Protein chains: 2
Amino acid sequence: MSVTIRDVAKFCGVSVSTVSRVLNGYTDISEETANKVFAAIKKLDYVPNNTARMLTRKDTKIIGLTIPDIKDPFFSENASGAEKLLLENGYQIFYGNMERSADKLLNYLQQARQMRFDGLIITPDEWTEELLDTIRRISMPVVALRRRPPQSSGVPFVDNDHYKGAMEMMTYLTDLGHTRIAHIVLPTGIGAIRREAYRDFCQIRSIEARDVKIDLPANKLDQARENGYQAMKRIHETWPDTTAVFAGTDQLAIGAMVYLREKGLSVPADISIAGVNDMDYASLPWFDLTTMSLNRTEMGRAAAQMLLDIIEERRPHPENLLLGTSIIVRGSTIKYKNGG
Amino acid sequence: MSVTIRDVAKFCGVSVSTVSRVLNGYTDISEETANKVFAAIKKLDYVPNNTARMLTRKDTKIIGLTIPDIKDPFFSENASGAEKLLLENGYQIFYGNMERSADKLLNYLQQARQMRFDGLIITPDEWTEELLDTIRRISMPVVALRRRPPQSSGVPFVDNDHYKGAMEMMTYLTDLGHTRIAHIVLPTGIGAIRREAYRDFCQIRSIEARDVKIDLPANKLDQARENGYQAMKRIHETWPDTTAVFAGTDQLAIGAMVYLREKGLSVPADISIAGVNDMDYASLPWFDLTTMSLNRTEMGRAAAQMLLDIIEERRPHPENLLLGTSIIVRGSTIKYKNGG
DNA sequence: AGATCGTCCGAAAACGGTTTAGTAAAAAGG
DNA sequence: CCTTTTTACTAAACCGTTTTCGGACGATCT
């Protein structure tokens with residue numbers, strides 16, 4: 001069919017192993033032979049068959065990277081951060097789009113095993129027993145992104161420090177003078193962590209905790225805006241004197257804004273709103289949204305670095321990594337004005 | 001290292017070829033043997049080595065899918081449409097994130113060749129000679145998405161019918177009574193097609209063509225909003241009596257709205273605005289954007305179908321495919337009111 | 001001159017599957 | 001009862017690389 005290493009060898013009258021050596025940059029080759037081989041390769045338009053190469057070598061230089069939902073730009077940025085570092089280190093990336101399905105993930109892990117990937121970066125929506133079991137069985141380096149695995153699993157992971165971030169946001173809001181602050185909680189592990197921070201904060205400052213949890217399963221978060229709307233409605237009906245809302249997502253924040261707009265309330269004059277993520281349209285003048293910004297690409301990069309460290313055995317048991325977040329202050333939050 | 005087909009064979013006292021046959025569903029196997037083999041596979045937790053399998057077979061059941069920019073949700077939806085169909089047909093998808101770089105694409109094609117993919121769906125930003133040459137050399141089925149290749153290339157492609165869609169949009173706007181309609185042109189092939197439609201339309205209806213082209217290279221379209229702003233500025237300064245704007249993208253449309261907002265002009269009272277794509281936030285009440293909606297997932301699906309047809313030789317030379325678009329009417333466009 | 005040492009290269013054995021060709025035993029046909 | 005066909009399986013070649021081991025040959029040392 002296509003031209004093989006044997007053709008190249010024959011063409012320039014050397015052995016197959018010599019050609020292989022040249023290709024892999026061995027030094028025990030005379031310059032003359034090397035040149036002959038390179039010329040032949042170009043002439044015959046020879047391209048090594050990677051599947052054959054993978055078969056003999058123990059490594060494949062492929063690492064798998066799962067994306068929970070390819071339509072969500074957040075994950076895309078995660079991915080591109082990881083990709084960059086991996087490419088620089090000579091690895092190929094095999095993306096897997098999970099579409100928020102646990103089965104797809106399980107299936108992807110099997111594929112990864114069949115193809116003998118060198119490692120995996122995964123972002124499961126949930127850590128089930130079955131998942132942990134599969135990870136154990138495929139016996140390949142895995143690092144987790146954005147969803148903390150059980151400690152017992154031994155899977156290292158990287159995420160933003162949502163606890164600290166939420167604390168900072170709450171500090172910022174109270175510094176503005178707000179004391180009646182509601183919180184819209186995502187139905188995910190991250191949501192839980194931020195709620196913990198929120199409640200801890202409320203307790204420390206002795207202010208009332210007003211959190212509302214989105215009641216959607218984690219695999220349907222794409223209707224975030226509608227949920228923000230509903231959550232804001234509940235907040236407004238339950239605690240009408242709320243002066244600030246910390247939403248678990250910019251999407252939720254904007255959903256909340258839609259509700260307020262309908263009710264004729266204005267942001268930030270009547271109520272301050274903050275989100276999380278710094279999505280690209282958060283800065284539009286209509287929203288001008290104060291938000292807790294996460295290190296999107298940096299996270300992916302860090303996870304990739306951690307994985308490489310494991311694969312190339314620079315570190316046997318890397319610890320978990322929590323990246324810092326920052327508050328981006330925009331116009332949707334202002335000082336609390338008594339009776340204003 | 002890990003358990004191979006030979007281990008399975010030994011374990012249940014049959015030959016390697018028998019196990020292979022069982023795995024591949026051959027019928028000349030007694031039920032008894034088959035069961036023994038399946039049991040052994042489960043017991044030993046055997047997983048076939050896909051790289052070895054790929055080496056002997058001529059097909060790999062892998063198809064490559066390039067994404068120009070993983071951060072752009074438009075392409076993501078393309079991809080997920082294609083992915084669905086391909087998975088259903090037993091293919092794995094190997095995504096390639098091009099980050100708008102022609103070099104990355106070239107490199108990806110080389111990889112595809114080394115790994116012996118069965119086929120490729122690509123969305124190049126530009127059709128260069130080098131690209132065409134590489135496609136020719138890798139000799140594998142390719143279909144193009146969203147960027148029309150030169151006819152001579154023989155590469156089939158699928159896209160939305162932008163010419164027809166633009167015509168429809170212009171018809172819609174003139175039906176509303178507008179005659180001074182500006183058009184913001186994308187600096188891509190698609191932009192050119194729509195401009196052609198726009199100009200043809202203007203000529204037919206004897207109205208003035210007012211098109212402004214974004215002067216950004218195709219690989220920097222992420223600043224679309226800023227460009228929409230600038231384009232609207234130019235329109236407003238050049239033709240202050242413009243009553244409607246057809247923007248090449250929702251992003252551009254929103255950028256235009258930002259400008260108008262700054263100038264104290266209101267949409268749609270002072271000027272009607274329409275976009276293209278029906279991005280998820282187009283429906284937000286602040287924008288409520290009339291838009292030309294494209295078949296995002298359907299496109300990907302169609303391209304995948306076309307590729308499968310070629311690979312499985314159902315069709316030797318598929319023609320190009322142009323999908324229909326539709327106008328989604330929202331509040332950003334209204335009837336032209338003379339002196340209103 | 002013989003022993004020792006580098007340098008450059010080749011033969012052959014993997015790697016883990018698939019597939020072709022063939023065979024022994026059982027069933028069917030005459 | 002002998003031949004043909006079918007059934008259920010196996011041996012071995014093959015896919016295209018990498019890698020180990022060793023060999024030839026010229027240079028250097030004693």
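Quick note on labels: first sequence line is chain A, next is B, and so on, each numbered from 1. What you see is a predicted model, and the numbers here were worked out from it, not measured in a lab.
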- Query: In residues 107-118 of chain B, which ones come under 4.0 Å of DNA chain C, going by heavy atoms?
  - Reply: none

- Message: Does A/K61 have more than 12 heavy atoms from other residues, nucleotides or ligands lying within 6.0 Å of its NZ?
- Response: yes

- So which pairs with a foot in residues 294-304 of chain B pass side-chain hydrogen bond (donor to acceptor under 3.5 Å, both in side chains), sequence neighbours left out? B/E77-B/R296

- Scan residues 77-97 of chain B for pairs that pass ring pair (Phe, Tyr, Trp, His ring centres under 6.0 Å), counting only residues two or more places apart or in two chains. A/F94-B/F94, B/F94-B/F117

- Set of salt bridge (Lys or Arg N to Asp or Glu O under 4.0 Å) partners for A/D161, sequence neighbours left out: none

- Message: Taking the axis from the first five pairs and the axis from the last five, what angle separates them in the helix from C/dA1-D/dT30 to C/dG30-D/dC1, rounded to 10 degrees?
- Response: 50°

- Note on the structure: Numerically ordered, the residues 42-63 of chain B set in heavy-atom contact under 4.0 Å with DNA chain D is B/L55, B/T56

- Of all residues at least two apart in sequence or in a different chain, which pass the side-chain contact (heavy atoms from CB on, under 4.5 Å) check with A/K104? A/M98, A/E99, A/S101, B/E83, B/L87

- Remember a base hit wins even if backbone is also touched, and classify B/T18 as base, sugar-phosphate or nothing at under 4.0 Å, heavy atoms. base

- Message: Side chains of A/Q305 and A/D309: any donor to acceptor distance under 3.5 Å?
- Response: yes

Below 3.5 Å is the cut-off: list the nitrogen or oxygen pairs between protein and nucleotides 23-25 of chain D, distance only.
none

- Message: My understanding is that only residues two or more places apart in sequence, or in another chain, count here; which of them pass salt bridge (Lys or Arg N to Asp or Glu O under 4.0 Å) with B/D59?
- Response: none

- Message: Which residues in residues 5-14 of chain A have a heavy atom closer than 4.0 Å to any atom of DNA chain C?
- Response: A/G13, A/V14

- Give me the residues of residues 20-33 of chain B where at least one heavy atom lies under 4.0 Å from an atom of DNA chain C, by number, or none. B/S20, B/R21, B/N24, B/Y26

- Item | Sugar-phosphate only, base, or nothing, as touched by A/T4 at under 4.0 Å among non-hydrogen atoms | sugar-phosphate

- Which pairs, with at least one residue in residues 12-46 of chain B and sequence neighbours excluded, count as a ring pair (Phe, Tyr, Trp, His ring centres under 6.0 Å)? none

